[in-house]
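Worksheet for the structure shown next.
Hydrogens, waters and symmetry mates play no part in the numbers below; they use all other heavy atoms, side chains included.
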Amino acid sequence: MPTTTDSPSVPPLERRSTVANYVALTKPRIIELLLVTTVPVMFLAERGVPSVWLVVATLVGGTLSAGAANTFNSVYDRDIDALMHRTSNRPMVTGAITTRNAVLFGAALTVISTLWFALVVNVLSALLSLAAIALYAVGYTILLKRRTSQNIVWGGIAGCMPTLIGWSAVTGTVGWPAVVLFLVIFFWTPPHYWPLSMAFRDDYSTAGVPMLPVERGPVAVGRQIVAYSWVMVATSLVLVPVAPMGWIYVVTAVLSGALFIAEAHRLLRAARGGATGTALKPMRLFHYSITYVTLVFLAVAVDPLLYFPLS
């Protein structure tokens, strides 16, 4: 005898679209960058290859945690996202996901990620993960983003947390090498994000978000980018005696850092020459900043495996 149901099943295409919208809420491209800074720190903490299961468990927890923070950001920023061209197709703007469902989704990811870290990794990693969610969802998104041009500086602390989480996952503590790498990401965030803000200055201005390039001219922004770039590279070299690190890391950090600084100075020269908007080519530095952090953290992972001491 055939069975019947009271309601038709959800078509596969619609189901896939719904899943894709929820995934989009978590901003997976940002998560990828966060994970790039997590795994290498685990190699450094282990001074070798950490447990594969521990790496996988940490990546799962980190993905869920970052997804929670980004979901809350998507919910709160849905009004300004609607005013900006590059964010106008996000699920909260189009109405593909309701505010209630998005909040419940973010809350579920928060609970699951915290429990996952506490039960599968360790309690310290769980607390650091929860702190990262709070720092991004509340500290940056609610308190800083719409109020100060220094929003990305202090709000960027949340993006530094994976270095501490990766270290704590292996050791159960927070060591000085992790703190140094935390600071590298802290000083990296402004010269990474401000060039993007320069490229999309009109978007941020329309939305009323006081990013530094909206509040200040290209020369002033360029000077700050140069200053942060120098401090970032200097901080990356502090890891050498603290960890300690060998020749592989030193050469990578110096060469990639020199190129970063050169690109920052190029941007400043262009600004001083009167260039504005796309003529500044700010996205060159933005894209290279991703390459830079990938190279440096790859060296963080490889150096303890193929350790060549400096003396």
Relative to the ring of Trp230, is the ring of His265 parallel (under 30°), tilted (30 to 60°) or perpendicular (over 60°)? perpendicular
According to the interplanar angle, ranging from 0 to 90°, do the rings of Tyr288 and Tyr292 count as parallel (below 30°), tilted (30 to 60°) or perpendicular (above 60°)?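 Rings of Tyr288 and Tyr292: tilted, 30 to 60°.
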Shortest non-hydrogen contact from [X] to [Y]?
| X | Y | answer |
| --- | --- | --- |
| Pro177 | Ala243 | CG-CA, 4.0 Å |
| Gly277 | Pro282 | O-CD, 3.8 Å |
| Leu280 | Leu267 | O-CD1, 3.4 Å |
| Thr189 | Gly156 | CG2-CA, 4.2 Å |
| Ile248 | Ala299 | O-CB, 4.3 Å |
| Thr110 | Ala68 | OG1-CB, 3.4 Å |

[X]: what forms a salt bridge (charged side-chain N to carboxylate O under 4.0 Å, His left out) with it, not counting sequence neighbours?
| X | value |
| --- | --- |
| Arg284 | Glu263 |
| Lys145 | Asp77 |
| Arg90 | Asp81 |
| Asp202 | none |

With heavy-atom distances below 4.5 Å as the criterion, would you say the side chains of [X] and [Y] are in contact?
| X | Y | result |
| --- | --- | --- |
| Ile152 | Leu212 | no |
| Asp303 | Phe308 | no |
| Pro210 | Thr148 | no |
| Val49 | Leu305 | yes |
| Phe117 | Val123 | no |
| Phe297 | Val41 | yes |
| Ile185 | Met161 | no |
| Phe200 | Pro213 | no |

If you round to the nearest 0.5 Å, how far is [atom2] of [Y] from [atom1] of [X]?
| X | Y | atom1 | atom2 | value |
| --- | --- | --- | --- | --- |
| Leu124 | Leu164 | CG | CG | 8.5 Å |
| Leu239 | Leu181 | CG | CG | 5.0 Å |
| Arg78 | Leu25 | CZ | CG | 11.5 Å |
| Thr206 | Met84 | OG1 | CE | 8.5 Å |
| Thr99 | Met92 | OG1 | CE | 4.0 Å |
| Leu259 | Thr291 | CG | OG1 | 9.0 Å |

Exceeds 12 heavy-atom contacts within 6.0 angstrom, atom CZ of Arg216: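 Check fails, neighbour count at 12 or below.
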Counting only heavy atoms not in Lys27, do more than 12 sit closer than 6.0 Å to its NZ atom?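 Result for NZ/Lys27: enclosed.
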Please check if [X] and [Y] belong to a single hydrophobic cluster, counting links between Ile, Leu, Val, Met, Phe, Trp and Tyr side chain heavy atoms closer than 4.5 Å.
| X | Y | answer |
| --- | --- | --- |
| Val120 | Ile133 | no |
| Leu44 | Val36 | no |
| Leu104 | Leu109 | no |
| Leu34 | Val39 | no |
| Val23 | Val93 | no |

Kindly write out the residues that satisfy side-chain contact (heavy atoms from CB on, under 4.5 Å) with His287, not counting sequence neighbours, or none if the list is empty.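 Counting only residues at least two positions away or on another chain, His287 forms a side-chain contact (heavy atoms from CB on, under 4.5 Å) with Met283.
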Who passes side-chain contact (heavy atoms from CB on, under 4.5 Å) against Glu32, sequence neighbours left out?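 Glu32 satisfies side-chain contact (heavy atoms from CB on, under 4.5 Å) with no residue once adjacent residues are dropped.
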Side chain to side chain contact (heavy atoms under 4.5 Å, CB included), that's the test. Do Tyr249 and Val302 meet it? Break it down for me. CA-CA 8 Å; Tyr249 176 81; Val302 172; over 6 Å; no
Check whether NZ of the Lys or CZ of the Arg Arg47 lies under 6.0 Å from the centre of the six-membered ring of Tyr307 and within 45 degrees of that ring's axis.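 Yes, a cation-pi geometry holds between Arg47 and Tyr307.
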Return yes if some donor-acceptor pair links the side-chain N/O of [X] with the main-chain N/O of [Y] below 3.5 Å, else return no.
| X | Y | answer |
| --- | --- | --- |
| Trp116 | Ala57 | yes |
| Arg272 | Pro218 | no |
| Arg266 | Lys281 | yes |

Using a distance-only test with no angle check, is there a side-chain donor-acceptor pair under 3.5 angstrom linking [X] and [Y]?
| X | Y | result |
| --- | --- | --- |
| Asn101 | Thr98 | yes |
| Thr171 | Trp167 | yes |
| Ser65 | Ser113 | no |

Consider side chain to side chain contact (heavy atoms under 4.5 Å, CB included). Of Val170, Val55, Leu54, which one does Glu46 pass it with?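 Single side chain to side chain contact (heavy atoms under 4.5 Å, CB included) partner of Glu46 among Val170, Val55, Leu54: Val170.
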Assess the residue pair Val184 and Thr37 against the criterion (side chain to side chain contact (heavy atoms under 4.5 Å, CB included)); give the C-alpha distance rounded to whole Å, side-chain angles, the decisive distance to 0.1 Å, and a yes or no. CA-CA 11 Å; Val184 170; Thr37 62; over 6 Å; no
Go through it in stages, so that I can follow the logic: the residues are Asp203 and Met211, the test is side chain to side chain contact (heavy atoms under 4.5 Å, CB included), and I'd like the CA-CA distance, side-chain angles, deciding distance and then a yes or no. CA-CA 10 Å; Asp203 263 2; Met211 301 303 295; over 6 Å; no
Identify which one of Trp194, Trp188, Phe260 satisfies the ring-ring contact (aromatic ring centres under 6.0 Å, His included) criterion when paired with Tyr228.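 Testing each of Trp194, Trp188, Phe260 against Tyr228, the sole residue satisfying ring-ring contact (aromatic ring centres under 6.0 Å, His included) is Trp194.
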Stepwise, does the side chain to side chain contact (heavy atoms under 4.5 Å, CB included) test hold for Ser197 with Val214? CA-CA 8 Å; Ser197 304; Val214 174; over 6 Å; no
For side chain to side chain donor-acceptor pair (under 3.5 Å), just list the numbers for Thr26 and Asn70, CA-CA rounded to whole Å, side-chain angles, deciding distance to a tenth of an Å, and then say yes or no. CA-CA 5 Å; Thr26 67; Asn70 289 330; over 6 Å; no
Flag the pair Trp154 / Tyr140 as yes when their ring centroid distance falls below 6.0 Å, and as no otherwise.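 No.
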